[in-house]
Amino acid sequence: MIILDCLAPVLRARSWKISREFFVDRHDVQSDMVEAALEAWKATEKGVPVHQVRGAMVKAAVSSAYRRAKVDSLRSLTSDVEALLSLDKMTHVPALRASSVVGAANPRDPDLAEINRGERQGALFQEVGCVDRMRIFHEQIRSGQRPKMSAQVAGDLALARSGIAGSDNYYKISDFLPAVMGIQEAAVAMGLSEATARRMVRDGTFPCPVTLMGRIYKVSVKAFMRGVGIQDAIVHPDDVENGAVHAAGFGEVNIAESPTGFDCPDG
């Protein structure tokens, strides 16, 4: 339809923004936008002035896409929290495929330990199926859309090995996760039933403080990680991506490549 062609530049830019903001599939966002825009167009037959039709379609398309993205993002992030914070997964990451670095020299070397830490985290991301979200997150770090770790902090932590590109791109694993999760997700991560977790909260034996918001318990992910002894590892995107590639057996595939589909909006 000609009218959709006229809206394409606006919807393309908005779909790209929404997919990056909520870590959802861009094609799903676009489908929702088109469907909502067409429904709005049909509704304008009931006397909406011609000059208001385009605005009504764009508003309906964007509103629908945001609603869908928020729901999908919450569902996906909840699933990722359960998997990433599972103690079994944290202590039993599958062996990486042959790496040119890890295991090739003294494992006590701090540079190799740093690489190993990042690659193992990447292997975990690959295992639980959140590589696409990892890739977008890394792109945001590299482009400056997310706060970077200062060179001073990296130096104090003995990071930023010599010769690495993007020495300020390090991040903590908790930065990748949502800030809070529900008591049900925390229970799954500990291998407990929700009823047991709630009883621990009432008894004061839960491993970290829990906030009651209305009738819903909310748990800080960072506090939970500290409470159950999960290391909030500091990693570099390059190492994490290499680990994901090795775990998947993709060889030299560039996992940081931008997704294909609608063209990225200019600017």
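FYI, side chains are in, hydrogens and waters are out, and symmetry mates aren't considered; it's all heavy atoms of this structure.
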message: Go through it in stages, so that I can follow the logic: the residues are Met134 and Val240, the test is side chain to side chain contact (heavy atoms under 4.5 Å, CB included), and I'd like the CA-CA distance, side-chain angles, deciding distance and then a yes or no.
response: CA-CA 9 Å; Met134 174 202 76; Val240 177; 3.5 Å; yes
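- Across all non-hydrogen atoms, the minimal contact from Ala56 to Ala40 is O-CB, 3.9 Å.
- In this structure the side chain of Asp232 never reaches within 4.5 angstrom of the side chain of Arg226, judged on heavy atoms.
- The cluster map of Ile, Leu, Val, Met, Phe, Trp and Tyr, joined by side-chain heavy atoms under 4.5 Å apart, puts Val210 and Leu212 in the same cluster.
- Summarising the geometry, atom OG belonging to Ser220 is positioned 10.0 Å from atom CE belonging to Met225; distances are rounded to the nearest 0.5 Å.
- Considering all non-hydrogen atoms of both residues, Arg14 and Met33 come closest at CB-CE, 3.5 Å.
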Intermediate values then yes/no, side chain to side chain contact (heavy atoms under 4.5 Å, CB included), Thr211 and Tyr217: CA-CA 6 Å; Thr211 301; Tyr217 285 119; over 6 Å; no
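- With values rounded to the nearest 0.5 angstrom, Ile234 atom CD1 is found 7.0 Å from Arg117 atom CZ.
- We find the CE-NZ distance between Met57 and Lys42 to be 11.0 Å, quoted to the nearest 0.5 Å.
- When all heavy atoms are compared, the tightest approach of Phe224 to Ala186 is CZ-O, 3.8 Å.
- Taking CG from Asn169 and CG from Asp238, the interatomic distance works out to 7.5 Å, rounded to the nearest 0.5 Å.
- The nearest pair of heavy atoms linking Lys17 to Tyr66 is NZ-OH, 3.4 Å.
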- request: For His236 and Tyr171, run ring pair (Phe, Tyr, Trp, His ring centres under 6.0 Å): C-alpha distance rounded to whole Å, both residues' side-chain angles, the deciding distance at 0.1 Å, then the answer.
  value: CA-CA 7 Å; His236 193 278; Tyr171 66 93; 8.6 Å; no
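- Arg135 and Asp132 are joined by a salt bridge, as a carboxylate oxygen and a charged side-chain nitrogen come within less than 4.0 angstrom of each other.
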message: Determine whether Val219 and Phe206 satisfy the following criterion, side chain to side chain contact (heavy atoms under 4.5 Å, CB included), listing intermediate values before the conclusion.
response: CA-CA 10 Å; Val219 182; Phe206 199 78; 4.3 Å; yes
- request: Kindly determine whether Val180 and Val221 satisfy side chain to side chain contact (heavy atoms under 4.5 Å, CB included), including the steps that lead there.
  value: CA-CA 5 Å; Val180 296; Val221 170; 5.6 Å; no
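- Under the side-chain hydrogen bond (donor to acceptor under 3.5 Å, both in side chains) test applied with Asn116, the options Glu114, Arg120, Glu119 reduce to a single match, Arg120.
- For the pair Asp175 and Phe137, the minimum side-chain heavy-atom distance is below 4.5 Å.
- Between the side chains of Ser64 and Asp32, no donor-acceptor pair of N or O atoms lies under 3.5 Å.
- Using a 4.0 Å cut-off between charged side-chain N and carboxylate O, Arg142 and Glu241 make a salt bridge.
- Without hydrogens or angle criteria, Ser15 side chain to Arg12 main chain gives a donor-acceptor distance under 3.5 Å.
- Put simply, NZ on Lys172 and NZ on Lys222 are 6.0 Å apart, with the number rounded to the nearest 0.5 Å.
- Residue Cys130 holds its SG atom at 8.5 Å from CG of Leu177, rounded to the nearest 0.5 Å.
- Minimum heavy-atom separation, Pro207 to Val228: CG-CG1, 3.7 Å.
- Not one N or O on the side chain of Thr196 forms a donor-acceptor pair closer than 3.5 Å with the backbone of Leu192.
- Between Ala36 and Ala61, the shortest heavy-atom contact is CB-CA, 3.8 Å.
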